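To keep things clear, I will list the structure first and then write my remarks on it.
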Amino acid sequence: MGKILFVSHDGDTHETELVAGRSLMQHATGHGVPGIDGDCGGVCACGTCHVILDSRWLDRVGASGPEEDQMLGMTPERQPTSRLACQITVSADMDGMTVRLPEFQM
Ligand code: FES
């Protein structure tokens, strides 16, 4: 088992046990990570699962698709390494990944 670390905008950390197979949004909400809402249930329609990845992890996880990119375009705190957590599937090779959270979700 590995770990995924979530870091809030003000530096609070929340370490989670990596469980492969679910979306990163489901993973976070299932672990009670504050700051990820997932209002649409994971269908890329709300933007409330915005996360910011380290660039080396973005290279591994991959860039956003067109639909996700459009949704991210409405996110005020968008960064070059922003993704929507519902569009990322947690895998075993994400052990050690750090995920930063914006101050606000849409
Ligand atoms: Fe709605 Fe990700 S949960 S866009």
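As the structure lists them, so they are numbered: ligands from 1, and atoms in each ligand from 1. Scope of the values below: all heavy atoms of this structure, side chains included, with no hydrogens, waters or symmetry mates. The shown structure was predicted, so the numbers you read here are calculated from the model rather than taken from an experiment.
Looking from atom 4 (S) of ligand 1 to the surrounding protein, the closest heavy atom is G47 N, 3.2 Å.
Listed by number with element, the atoms of ligand 1 under 4.0 angstrom from any heavy atom of G38 are 3 (S). Every atom of ligand 1 is numbered from 1 in the order shown, and the set under 4.0 Å from a heavy atom of C44 is 4 (S). Close approach of ligand 1 to C86 (heavy-atom distance below 4.0 Å) involves ligand atoms 2 (Fe), 3 (S), 4 (S). Close approach to G42 involves these atoms of ligand 1, each under 4.0 Å from a residue heavy atom: 3 (S).
In this structure, E77 contributes its side chain and E103 its backbone to a donor-acceptor pair below 3.5 Å.
Contact annotation for A85 and ligand 1: no heavy atom of the residue comes within less than 4.0 Å of the ligand.
Heavy-atom contacts from other residues, nucleotides or ligands closer than 6.0 Å to CD of Q70 number 12 or fewer.
A salt bridge is absent between D69 and R83; no separation between the charged side-chain nitrogens and carboxylate oxygens falls under 4.0 Å.
For atom 1 (Fe) of ligand 1, the N/O/S atoms of C40 include one lying under 2.8 Å. Because the distance cut-off is set at 2.8 Å, C46 qualifies as a neighbour of atom 1 (Fe) of ligand 1 through one of its N, O or S atoms.
The two atoms that bring G47 and L84 nearest to each other are CA-CD2, 4.0 Å, heavy atoms only.
The shortest side-chain heavy-atom distance between L101 and V7 does not fall under the 4.5 Å cut-off. Counting heavy atoms from C-beta outward, R100 and H9 have side chains that stay 4.5 Å or more apart.
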